[in-house]
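This report refers to the structure that appears directly beneath it.
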Amino acid sequence: MPRTPVRVRIAPSPTGDPHVGTAYIALFNAAFARHHGGQFLLRIEDTDQKRSTRASEDAILRSLKWIGLDWDEGPDVGGPCGPYRQSERGEIYRSHCDTLIEKAKAYRCFCTSERLDQMRAEQRAAKVTSRYDGHCRHLDPEVSRARAESGEAFVVRLAMPTDGESVVPDALRGPVVYDNRQIDDQVLLKTDGLPTYHLANVVDDHLMAITHVIRAEEWINSTPKHLALYQAFGWEPPVFVHMPLLRNEDKSKISKRKNPTSLEFYQRSGILPEAMLNFLGLMGYSMEDEREQFTFAEFARELDLARVSLGGPVFDLKKLDWLNGMYLRAMTPESLALRTFAYYREDDRHGPVSLLVQERVTSLADYMDHADIFYGGQRNPGLFGRHLLIGCTSRKKNAVRLGRHGSRAYFEDVIARLEAEPNWEPAAIEAALRAAVTQAGVLVGDGLMAVRVAVCGRPTSPPLFETMHVIGRAVTLVRLRAAVSLLGDERMLQDAIAHAQAELDAVREALQVAEAAVTPTPHQSSPAAEA
RNA sequence: GCCCCGUUAGUCUAGUGGUCAGGACACGGCCCUCUCAAGGCUGGGACAGGAGUUCAACUCUCCUACGGGGCACCA
């Protein structure tokens, strides 16, 4: 039986788009807290100064709220265990680290990264687990202190036991045994004075009275280090629950290269938040009566972690769409309309979208014919897929034709450049695209047309750079990656060809019918034509 | 390479020694129907392989194979 009061947390790192995996783990934590009448907290793990941004943090909070999760304590709502942003708790970690050094459970390490790299390379070559070799572990405490005080750069490492075993009592798997010789003397405090995940996580979980750590399986191998820390501090560890990892179609850990992972993408796509949450509740989990549609309240009420299945679930967009459709059909017609209007109304890009669409519209009803490219997730280039083959549709004499593989490489280059660009602004987008065009050596118009068709799904759109800016990074990149896989996948390509062929046949047939209609044969002539 | 975890159909899953291995998505067929959806009915499709324990293994144990994760001054 769980300790009371149950306290659990979600601890996202604000280093990118709000991730679907974060929502997945958050769902189980929030439901677990609700189930036991406990608290659910949100803590921001922003100890990586180089990658953490406030924009990402804001987006993560926004997206978690969007799918309907809320928390009892967190950086935005406060609480008794604050601050809830690790970057604001530096002093806490430093003092805890000091006590560890005093207890000889941790030590300063002055090794250079060059030495460490070399050491790992050697270990790799010798086919043994990479592990810090303990070079600085037995420095005399006074010498260590003196070197630190003289200003020499150092990190603090955990002094792991060098023999024996560590047993992780995972709630879903039973005891998982590790040979301590496999476990590294993990860095706890970085040269910049900030803690690593391992230290901050353990200290905060203890200080915030977390009773159950429900997190992704990728953490299971570092749990022995965490256990060692609890022991070094003399604290009681929480219950550990490692959830399976969401997977791509090829079973690898879900990644943005192979799947839309941003919650913003799903929101933009018109997925209902309650359907999204419901779908996540189906990943690695099933209700006792095998019901597949349920609300968060039902999920929380019936949640039983023993029912979690450990095989990594593939994130199947098809089933999400089906589920979303079920929710849509279950609404009253009135609320479907209102939800739809709200979907557009709550979108904050009215101004920019209108600006681009305005000079092209002829009536209010015409607006959406132009604006549709800004909404929804993936778009099917369908009939216009030929434009994805750079130069192949060009009428210009000097056109450079890339063909399938070249076009694919071009799109990959475009994606890489856009990903590397921190500012999602028209000018930056333009620079990235022009650079890719130059790199590929194709005509500007042809290169940009390919991108336009990939991103908009058709060869007409407002100015491309502004359009991509308004469509947004997450959706734009998903659409571009879809173009890459279309170009790279024989079967998808065949489908596209078959589709285009069918369209062509239909057009031919229509043409024949129309021609027949304007060249009347004698028995078809009407009295009016004879007059 | 080393360590850890996992393995029921293309996918999500039920199943905790005795079931005709159940449901859902997707796919095929039929019905409904002015189209398309939706809906109804229906079909094909799974216990990774091998040993062992047992009267009896999808279920327990071991080995193999395959998949995944981890091995950072990232989380």
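Note that this is a predicted model, so its numbers are computed, not measured.
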Out of B:A75, B:A72, B:U11, whichever nucleotide has its closest atom nearest the side chain of A:Val314: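 When the side chain of A:Val314 is considered, B:U11 is the closest of B:A75, B:A72, B:U11.
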Candidate nucleotides B:A24, B:C12, B:G69, ranked by approach to the side chain of A:Leu282 - the nearest: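 Closest nucleotide among those given: B:C12.
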Spacing between A:Gln186 atom CD and B:C71 atom C1', to the nearest angstrom: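 In whole Å, B:C71 C1' and A:Gln186 CD are 10 Å from each other.
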Protein-nucleotide distance (A:Leu323, atom CG; B:U11, atom C1'), rounded to Å: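 In whole Å, B:U11 C1' and A:Leu323 CG are 14 Å from each other.
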is_close_aromatic(A:Trp219, A:Tyr197), centroid dist under 6.0 Å: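 Yes; A:Tyr197 has its ring centre under 6.0 Å from that of A:Trp219.
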Validation row, ring centre A:Phe28 to ring centre A:Phe32 under 6.0 Å: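 Ring-ring flag for A:Phe28/A:Phe32: false, centres at least 6.0 Å apart.
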Sub-4.5 Å side-chain heavy-atom contact between A:Leu139 and A:Tyr107: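 They are not in contact (no side-chain heavy atoms under 4.5 Å apart), so the answer is no.
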Aromatic ring pairing A:Phe315/A:Tyr266, orientation class (parallel under 30°, perpendicular over 60°, tilted between):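 It falls in the perpendicular class, over 60°.
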Whether A:Trp235 and A:His206 hold their rings parallel, tilted or perpendicular, with breakpoints at 30° and 60°: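 A:Trp235 vs A:His206 ring planes: parallel.
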Heavy-atom protein contacts under 4.0 Å, nucleotides 1-10 of chain B, coded B base, S sugar-phosphate only, - none: BBSSSS----
Base versus backbone protein contacts along nucleotides 33-43 of chain B [heavy-atom cut-off under 4.0 Å; B, S, -]: -----SS----
Stepwise side-chain hydrogen bond (donor to acceptor under 3.5 Å, both in side chains) check, A:Asp48 with A:Ser52: CA-CA 6 Å; A:Asp48 184 344; A:Ser52 299; 5.6 Å; no
Think [X] has a side-chain N or O under 4.0 angstrom from the OP1 or OP2 of [N]?
X	N	result
A:Arg291	B:G23	no
A:Arg120	B:C73	yes
A:Ser222	B:C71	no
A:Lys50	B:A75	no
A:Lys190	B:C74	yes

Set of residues satisfying salt bridge (Lys or Arg N to Asp or Glu O under 4.0 Å) with respect to A:Arg89, sequence neighbours excluded: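 For A:Arg89, the residues satisfying salt bridge (Lys or Arg N to Asp or Glu O under 4.0 Å) (neighbours in sequence not counted) are A:Asp204.
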Basic-acidic side-chain contact under 4.0 Å: A:Glu298, A:Arg291: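 So A:Glu298 pairs with A:Arg291 through a salt bridge.
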A:Phe240 six-ring face occupied by A:Arg215 cation (under 6.0 Å, within 45°):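 No, A:Arg215 does not lie over the aromatic ring of A:Phe240.
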Presence of donor-acceptor pair under 3.5 Å, side chain of A:Lys319 and base of B:A24: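 Answer is yes: a donor-acceptor pair is held.
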